K.L.:
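This structure is in structure tokens; I'll ask about it shortly.
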Protein chains: 2
Amino acid sequence: MLKFVLLGSLNCQPMSGYDLKQFIDRSTSNFWHAELSQIYTTLKTLEKEGLIICTSVAQEKRPDRRVYTITPEGSQHFADWLHQPFTEVDPYKDTLLLKIFFSGDQDKTDILAQLDIQRNIHQKIVEKYQAETAGIIAKTMEHAPHLRKHALMWEATRRFGEIAEVAYLRWLDETIQMVQENF
Amino acid sequence: MLKFVLLGSLNCQPMSGYDLKQFIDRSTSNFWHAELSQIYTTLKTLEKEGLIICTSVAQEKRPDRRVYTITPEGSQHFADWLHQPFTEVDPYKDTLLLKIFFSGDQDKTDILAQLDIQRNIHQKIVEKYQAETAGIIAKTMEHAPHLRKHALMWEATRRFGEIAEVAYLRWLDETIQMVQENF
DNA sequence: AGTGGCATGTAAGGCGTTACATGATTTC
DNA sequence: GAAATCATGTAACGCCTTACATGCCACT
């Protein structure tokens, strides 16, 4: 639920919808993304619910910046959610696996073409994750040592991306080999 | 898109909505699942589009079984989709990572509790995947040797589940250790 | 002259879930 | 006697995407 991404982000600092989009893109987008339009509408809802309040900041030659601040009720609502045990697993959907599942009658070259496209994509994603490493914790602790624990958690989510993508790549390689040998 | 799961399944053999639900649960549900209600409404749509046709099979003391068969247009539509290169990555959402990301200020015990719940869940999922192994290919090739290639693909999707879940577990263990040492 | 960034939104539609509605048969 | 299985569906709602709408500023 985007609701909680927004509350959690605004719990760090007041931001506008536009700011939130960038914050999300740079932090949670690997495990929770959102379009601007959805962010704007969700902010309106949260405002109606009294979980955030809006302050308009006038600007010359641009629309007013509408900066949102979390309220004590919003903070509480977020804390309750965070504390609540999560006893499920989010549903997973994967178009490539669907195609592979139904590809028993496809030509060898077609199957390998599909797998190869994905191999390239995931290879780049792995590199992106690995490039982010190291820096995060070090930099945060230099500039804001009180955020040390936060930095460790952010690094943990990055690390998840890396591990998951390395696993995906490994499966792709294994499957490519299997198809080459059996089709 | 559920549409293609249904077309792909009906491409194997005619089935009712109820049958399809079971087929999906036993085969694609790890990477594409659906509720019965959605299956029924999607079948109506596909029928209107002329991609499948329905034959009512009367039954005593039960609603008629409405068995759907794929049409040549449906088969073609499905083949086109299967053949079309997939150049994206499906969006991924993960509530646990979201909670972890925002948990920098949480108590050590609360964080470990969340991670532990998930560790148990994913441990069981791994075991489920590993229990399925081996059997699939051997059994299919005994009973229906012409499905050999299909069986290899089904096994590939199972193997994906195993690899992905082992990776998830590994990340959980790594993260649990990190929290124990740093919080 | 065009692209990308800043800054806000609305409207329509797609996909999916949950709850509701019905009712006999089989299994524990 | 209760629960699961067989068998169909509808209605309301939630979440999210895509397209549309506006307009200035900075950079190349």
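Any value given below was found using the heavy atoms of this structure, including those in side chains, with hydrogens, waters and symmetry copies removed. No experiment lies behind these values; they were computed from the predicted model shown. Naming: A, B, ... by sequence-line order, numbering from 1 per chain.
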K.L.:
Ignoring hydrogens and geometry beyond distance, is a side-chain donor-acceptor pair present between A/Gln118 and A/Gln114 at under 3.5 Å?
P.N.:
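Absent: no donor and acceptor within the cut-off.
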K.L.:
Do any of residues 75-96 of chain A sit with a heavy atom less than 4.0 Å from DNA chain C, and if so which?
P.N.:
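Per residue number, the list reads A/Lys93.
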K.L.:
May I ask you to check whether B/Asp80 and B/Gln76 show a side-chain donor-acceptor distance below 3.5 Å?
P.N.:
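There is such a pair (donor and acceptor under 3.5 Å, judged by atom type) between the side chains of B/Asp80 and B/Gln76.
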K.L.:
Please report the distance, rounded to the nearest Å, between NZ in B/Lys3 and P in C/dC15.
P.N.:
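Answer to the nearest Å: 8 Å.
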K.L.:
What is the separation between atom CE on B/Met1 and atom C1' on D/dT17, rounded to the nearest whole Å?
P.N.:
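The answer, rounded to whole Å, is 12 Å.
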K.L.:
Could you state the interatomic distance from CD1 (A/Ile52) to CG (A/Leu6), rounded to the nearest 0.5 Å?
P.N.:
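With rounding to 0.5 Å, CD1 (A/Ile52) is 7.0 Å from CG (A/Leu6).
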K.L.:
Looking at every heavy atom in both A/Met1 and A/Trp32, which two are closest together, and how far apart are they?
P.N.:
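Looking at all heavy atoms of both residues, the closest pair is N-CZ2, 2.8 Å.
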K.L.:
Classify the angle between the aromatic ring planes of B/Phe78 and A/Phe102 as parallel (below 30°), tilted (30 to 60°) or perpendicular (above 60°).
P.N.:
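Answer is perpendicular, since the angle exceeds 60°.
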K.L.:
When the distance from CG of A/Leu98 to P of C/dC15 is rounded to whole Å, what number comes out?
P.N.:
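Spelled out: CG on A/Leu98 to P on C/dC15 is 14 Å.
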K.L.:
Counting only heavy atoms and a strict 4.0 angstrom limit, can you tell me which residues of residues 30-53 of chain A come near DNA chain D?
P.N.:
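Of all residues in residues 30-53 of chain A, the ones placing a heavy atom under 4.0 Å from DNA chain D are A/Trp32, A/His33, A/Glu35, A/Ser37, A/Gln38.
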K.L.:
Taking CD from B/Gln22 and C1' from D/dC6, how many angstroms apart are they, rounded to a whole number?
P.N.:
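Checked: the CD to C1' distance equals 9 Å.
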K.L.:
Look at the aromatic rings of B/Phe4 and B/Trp81 and report parallel, tilted or perpendicular, splitting at 30° and 60°.
P.N.:
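Parallel: the ring planes of B/Phe4 and B/Trp81 meet at under 30°.
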K.L.:
Does D/dC24 have OP1 or OP2 under 4.0 Å away from a side-chain N or O of A/Gln59?
P.N.:
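No, because none of the side-chain N or O atoms of A/Gln59 sits under 4.0 Å from OP1 or OP2 of D/dC24.
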K.L.:
I'd like to know whether B/His150 forms a side-chain hydrogen bond (donor to acceptor under 3.5 Å, both in side chains) with A/Asp105, so could you lay out the CA-CA distance, the side-chain angles of the two residues, the decisive distance to 0.1 Å, and finally the verdict.
P.N.:
CA-CA 7 Å; B/His150 291 271; A/Asp105 281 334; 3.2 Å; yes
K.L.:
How many whole angstroms separate atom CZ of A/Arg66 from atom C1' of C/dA7?
P.N.:
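For the pair A/Arg66 CZ and C/dA7 C1', the rounded distance is 12 Å.
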K.L.:
Using whole Å, report how far CE of A/Met15 lies from P of C/dC6.
P.N.:
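So the two atoms are 15 Å apart, to the nearest Å.
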K.L.:
Which residue in the set A/Thr45, A/Thr42, A/Leu46 passes side chain to side chain contact (heavy atoms under 4.5 Å, CB included) when paired with A/Leu2?
P.N.:
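Of A/Thr45, A/Thr42, A/Leu46, side chain to side chain contact (heavy atoms under 4.5 Å, CB included) with A/Leu2 is met by A/Thr42 alone.
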K.L.:
Give the rounded distance in Å between these two atoms: CZ of A/Phe4 and C1' of D/dC15.
P.N.:
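Atom CZ in A/Phe4 sits about 14 Å away from atom C1' in D/dC15.
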K.L.:
Taking 4.0 angstrom as the limit, do A/Arg159 and A/Glu155 come out as a salt bridge?
P.N.:
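The answer is no: the pair does not qualify as a salt bridge.
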K.L.:
Could you state the atom-to-atom distance from CG of A/Leu2 to C1' of D/dT17 in whole Å?
P.N.:
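Nearest whole value for this atom pair: 13 Å.
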